[in-house]
Chemist: 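Would you mind keeping the following structure in view while I ask a few things?
Note that these values count all heavy atoms, side chains included, but never hydrogens, waters or copies made by symmetry. In listed order, ligands and their atoms are each counted from 1. Just so you know, residue 1 is the first one in the sequence shown, and it goes up from there.
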Amino acid sequence: MAGKREYGLIVIGAGMTGLSTALAWAETHDLDREPVLVLEKEPAPGGCVTTFAREGYRFDTVQIIPDISDLLKFYRIPLDLVPYGHCLARLFLADPVKKDVRVYPVLQGRENFRDYLVGLFPEEEEGLNRFFDYGQKLLDELEHLKTEPTPLQGLAILIKCPGIIRQSGRTYRQYLDSFRFRNPDLMEILDLFSSFSGLSGDRCAALLTACAAMTTLQGSYRPRSGFISFPHSLRKALETRGGEILTGLCVDRILHKEGRVQGVRCGEEIFRASRVVCTADTHVMVEEMLGLGPVTRERVLGPVKGWFKKYARVKSAPSSFTVHLGLDEKLDLKGMGFDCGYNVLTTGRAAHEKAFDLWEKGERLTGEEEFHMAVISPSALIGGKQTLIIHVTPAAAEDWEELRAQDYDAYRARKKEAARYYIDKVEEYMIPGLKEHIRLTDISTPATYARYLGTKGGANSDMLNVPSNFGMYRLPTRTPVEGLFLPKFSNGIWPSLMAGLQVVDMMTGGAVMEGRSRYVHRENQLSFFFSMRRKPSAQVTNAGASRV
Ligand SMILES: Cc1cc2nc3c(=O)[nH]c(=O)nc-3n(C[C@H](O)[C@H](O)[C@H](O)COP(=O)(O)OP(=O)(O)OC[C@H]3O[C@@H](n4cnc5c(N)ncnc54)[C@H](O)[C@@H]3O)c2cc1C
């Protein structure tokens with residue numbers, strides 16, 4: 001196999017976090033002296049972010065990104081993004097008793113959306129104004145956050161970010177309640193943003209959802225040639241700069257000695273480095289790759305306190321059940337408004353919350369009276385053969401993996417049966433006569449997600465977006481094993497890209513964003529940094545390399 005065996009940095013996983021990390025390293029280091037290697041177990045990079053084809057139908061696994069133009073400038077890659085039009089999303093609020101549905105659009109542009117809501121709910125004007133102003137204030141405060149604040153910086157954060165501090169332990173439901181809205185439909189509309197975070201409003205971290213709402217409203221996109229084009233562009237940019245990606249190689253061990261990381265092992269092959277960034281599942285990393293079960297931790301690392309205490313509380317996100325449909329051309333999905341980013345079909349937020357209660361018991365919500373799902377048509381915006389995706393989160397792991405391994409025919413029959421329930425609901429409340437237009441059905445179960453993502457039970461991510469996993473409570477990126485980093489900002493493409501920049505910023509003492517937790521592009525930022533700090537930066541990284 002080609003390639004050097006001793007690296008400045010090894011990155012495990014070529015998803016958005018891993019690619020962003022490797023590119024940030026490439027942007028800030030001399031790769032002849034400190035090369036970077038990304039190891040990916042799948043044949044192609046992208047992780048959660050990919051596009052697959054079946055009989056000429058193309059399906060994206062992810063659906064929406066906010067404005068990431070700052071980051072694209074940093075990576076120096078072009079990406080042809082198509083903006084969603086006037087309507088960002090729609091809420092289909094179903095009434096199973098009356099068998100009807102009320103449809104509310106979420107309009108692009110904060111001012112547009114606020115004006116629209118005030119027009120619909122004039123008695124809520126004051127609360128709505130406060131909701132949008134406060135959301136903007138939270139976004140502004142983010143500029144002052146530091147990834148690893150010194151005590152003095154911590155004090156400054158307390159003064160400059162009162163909103164963030166106040167909301168950091170809250171759920172999105174508590175956040176919404178603080179605006180004292182009274183109209184139940186308005187609460188349902190605003191709750192739609194929690195679906196973006198893959199959680200019900202009762203559980204989702206307020207800060208995450210409130211900021212995601214404000215940023216997606218300001219502009220949301222999908223790549224014209226499918227989401228796969230994004231990791232492809234990042235890979236190309238990395239390789240052009242001299243970085244190395246090896247695919248089809250699964251890391252089974254992170255090597256460490258006397259509390260320091262030394263490299264990784266993939267079967268028979270060993271790759272050495274004094275810095276390793278792991279973007280795989282946190283639990284898999286600790287228990288399998290490091291081999292640090294509860295008993296061995298202390299023996300290997302000495303008295304271990306804070307990090308492992310937090311680790312013990314890390315909650316993984318649920319898995320999903322996704323139905324991909326290829327349709328004939330007789331349906332006019334664009335004419336039906338499916339060229340927006342996201343449609344949520346629900347009987348209300350209580351149903352979404354109940355789905356999570358059931359998920360905790362290992363069950364799925366499948367009633368006639370209560371349901372909750374997202375429905376998206378990528379082709380309606382970017383063209384191609386007509387596609388429709390029904391995406392259901394949460395989906396419990398159940399016994400999907402065992403069934404697939406033991407009895408593939410029974411597995412196929414069961415997933416087809418489960419998919420029928422969701423297709424029926426979409427036909428009943430959104431697209432009359434849908435079934436007669438279906439030409440292809442491809443179904444992903446938690447077993448599919450487990451296989452591709454390498455997570456336990458097919459978890460969509462190992463950071464459930466609850467307050468205790470997020471913001472100041474999240475598991476620190478710097479692990480107790482020196483030189484080993486685990487960047488987990490929160491789930492989502494933008495946060496994953498940001499996590500990659502943050503971790504390189506930490507390793508270089510601020511080369512990427514001067515210790516801030518959020519990247520803001522300034523022309524010539526990097527060249528300015530290096531003209532000021534070239535020598536100290538080189539010393540820091542050399543010291544790391546010599547330990548191997
Ligand atoms: C179904 C779904 C829909 C989503 N929709 C959206 C959306 O519309 N908008 C949005 O912003 N976000 C969305 N997200 C979230 C977003 O896609 C993810 O948060 C983000 O892509 C995660 O990137 P990552 O690199 O941290 O992790 P991953 O994408 O999981 O990448 C980790 C990589 O590590 C590799 N790996 C794991 N173990 C090993 C090993 N032992 N050795 C080598 N490689 C390994 C995996 O194969 C994978 O490629 C969605 C997620 C899912 C699952």
Side-chain angles (χ1 to χ4, degrees), residues 10-22 37-50 59-66 68 84 89 195-198 208 212 215-216 220-223 227 230-231 234-235 245-254 264-267 269 271 276-285 288-290 316-322 324 341-342 374 376 378 389-395 444-446 448-456 458-465 486-500 503:
I10 289 174
V11 180
I12 304 172
M16 302 318 269
T17 309
L19 290 169
S20 178
T21 304
L37 169 69
V38 184
L39 292 164
E40 168 57 50
K41 69 175 175 54
E42 291 299 312
C48 294
V49 178
T50 190
F59 298 100
D60 280 327
T61 48
V62 297
Q63 310 304 335
I64 197 163
I65 35 175
I68 51 163
Y84 287 105
S195 291
F196 284 6
S197 307
L208 180 73
T215 45
T216 47
S220 291
Y221 308 81
R222 73 183 309 135
F227 264 94
F230 195 3
L234 291 170
R235 175 188 196 156
I245 298 192
L246 296 177
T247 53
L249 269 186
C250 185
V251 173
D252 52 43
R253 208 74 179 167
I254 295 173
V264 302
R265 192 187 72 191
C266 304
E269 301 203 58
F271 300 89
V276 172
V277 167
C278 180
T279 71
D281 183 272
T282 303
H283 296 100
V284 172
M285 181 195 88
E288 295 174 19
M289 294 184 188
L290 284 172
S316 289
S319 192
S320 299
F321 187 94
T322 312
H324 306 90
Y342 221 73
I376 309 111
I389 296 170
I390 308 173
H391 187 64
V392 184
T393 306
S444 304
T445 69
T448 321
Y449 286 104
R451 213 162 66 252
Y452 285 112
L453 302 181
T455 54
K456 297 207 168 180
N460 280 353
S461 79
D462 49 348
M463 289 292 151
L464 187 69
N465 291 327
L486 181 78
K488 304 272 171 177
F489 187 99
S490 78
N491 82 329
I493 295 170
W494 183 87
S496 302
L497 296 170
M498 199 55 64
V503 70

Chemist: Using heavy atoms and a threshold below 4.0 Å, how should the contact between Thr455 and ligand 1 be classified: side chain, backbone, both, or neither?
Modeler: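 The answer is neither.
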Chemist: If we only count heavy atoms from C-beta on, is the Ile389 to Phe59 side-chain gap below 4.5 Å?
Modeler: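 Sidechains of Phe59 and Ile389: in contact.
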Chemist: What protein heavy atom sits nearest atom 23 (O) of ligand 1, and how far off is it?
Modeler: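 In this structure, atom 23 (O) of ligand 1 has Ser496 OG, 3.5 Å as its nearest protein heavy atom.
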Chemist: Using heavy atoms and a threshold below 4.0 Å, how should the contact between Phe196 and ligand 1 be classified: side chain, backbone, both, or neither?
Modeler: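 Neither part.
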Chemist: May I ask you to identify the nearest protein heavy atom to atom 45 (C) of ligand 1, giving residue, atom name and distance to one decimal place in Å?
Modeler: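 That would be Lys41 CG, 3.8 Å.
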Chemist: Using a strict 4.0 Å cut-off to heavy atoms of Leu39, name the atoms of ligand 1 that fall inside it.
Modeler: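 Reading through ligand 1 atom by atom, the close ones are 43 (C), 44 (N).
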Chemist: Quick one: does Ser320 get a heavy atom under 4.0 Å from ligand 1?
Modeler: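 No, Ser320 has no heavy atoms under 4.0 Å from ligand 1.
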Chemist: Please list, chain by chain and in numerical order, all residues satisfying side-chain contact (heavy atoms from CB on, under 4.5 Å) with Ala212, sequence neighbours excluded.
Modeler: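 Ala212 satisfies side-chain contact (heavy atoms from CB on, under 4.5 Å) with no other residue.
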Chemist: If hydrogens are left out, which of Ser197, Gly492, Gly248 has an atom nearest to atom 16 (C) of ligand 1, that is, the closest non-hydrogen atom?
Modeler: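 Looking at heavy atoms only, the winner is Gly492.
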Chemist: Which residue supplies the protein heavy atom nearest to atom 48 (C) of ligand 1, what is that atom called, and how far is it?
Modeler: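 Residue, atom and distance for the closest contact: Glu40 OE1, 3.5 Å.
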Chemist: Around atom 40 (C) of ligand 1, find the nearest protein heavy atom and jot down its residue, atom name and distance.
Modeler: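 Checked against all protein heavy atoms, atom 40 (C) of ligand 1 sits closest to Val251 N, 3.7 Å.
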Chemist: I need the atoms of ligand 1 closer than 4.0 Å to a non-hydrogen atom of Thr61, numbered in the order shown.
Modeler: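 Once the distances to Thr61 are compared, the set is 1 (C), 2 (C), 3 (C).
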Chemist: Is it the case that ligand 1 has an N or O less than 3.5 angstrom from some N or O of Ile65?
Modeler: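 The answer is no, given that Ile65 and ligand 1 share no N or O pair closer than 3.5 Å.
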Chemist: Do any heavy atoms of Met289 fall under 4.0 Å from ligand 1?
Modeler: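 It does, in that a heavy atom of Met289 comes within the 4.0 Å cut-off of ligand 1.
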Chemist: What residue and atom, counting heavy atoms only, is the protein's closest point to atom 38 (N) of ligand 1, and at what distance?
Modeler: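 Among all protein heavy atoms, the one nearest atom 38 (N) of ligand 1 is Ala280 CB, 3.5 Å.
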Chemist: Cut-off 3.5 Å, side chains only: do Thr393 and Ser320 have a donor facing an acceptor?
Modeler: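 Side chains of Thr393 and Ser320: pair found under 3.5 Å.
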Chemist: So which protein heavy atom does atom 27 (O) of ligand 1 come closest to, and at what separation?
Modeler: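 Nearest neighbour among protein heavy atoms for atom 27 (O) of ligand 1, to 0.1 Å: Thr279 O, 4.4 Å.
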Chemist: As an exercise, identify every atom of ligand 1 less than 4.0 angstrom from a heavy atom of Val49.
Modeler: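 Per the distance check, 17 (O), 21 (O).
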Chemist: For Cys266, enumerate each residue passing the side-chain contact (heavy atoms from CB on, under 4.5 Å) test, keeping only those at least two apart in sequence or located in another chain.
Modeler: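 Scan of Cys266 (side-chain contact (heavy atoms from CB on, under 4.5 Å), adjacent residues dropped) gives Leu39, Leu249, Val251, Phe271.
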Chemist: Please check whether Ile64 reaches ligand 1 - meaning an N/O of the residue sits under 3.5 Å from an N/O of the ligand, judged on distance alone.
Modeler: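 Yes, since at least one N or O of Ile64 sits under 3.5 Å from an N or O of ligand 1.
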Chemist: Which residue owns the protein heavy atom closest to atom 4 (C) of ligand 1, what's the atom, and how far is it?
Modeler: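 Going atom by atom, the protein heavy atom closest to atom 4 (C) of ligand 1 ends up being Val62 CG1, 3.3 Å.
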Chemist: Exactly one of Val11, Ile12, Ile10, Thr21 should register a side-chain contact (heavy atoms from CB on, under 4.5 Å) with Val38. Which one does?
Modeler: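 Running side-chain contact (heavy atoms from CB on, under 4.5 Å) over Val11, Ile12, Ile10, Thr21 with Val38 returns exactly one hit, Val11.
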Chemist: What residue and heavy atom of the protein are closest to atom 17 (O) of ligand 1, and at what distance?
Modeler: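 Here the nearest protein heavy atom works out to Cys48 CB, 3.3 Å.
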Chemist: Under 3.5 Å, N or O to N or O, is Ile493 touching ligand 1 that way?
Modeler: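 Looking only at distances, the answer is yes, because the N/O contact criterion of under 3.5 Å is met.
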Chemist: Can you name the atoms of ligand 1, numbered from 1 with element, that are less than 4.0 Å from a heavy atom of Gln63?
Modeler: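 Those qualifying, in numeric order: 7 (C), 8 (O).
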Chemist: With rounding to the nearest 0.5 Å, note down the distance linking CD1 in Ile64 to OH in Tyr221.
Modeler: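 Rounded to the nearest 0.5 Å, the CD1-OH separation comes out at 11.0 Å.
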Chemist: Run the contact test for Gly454 against ligand 1 with a 4.0 Å cut-off on heavy atoms, strictly below, and give the result.
Modeler: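 Heavy atoms of Gly454 never come under 4.0 Å of ligand 1.
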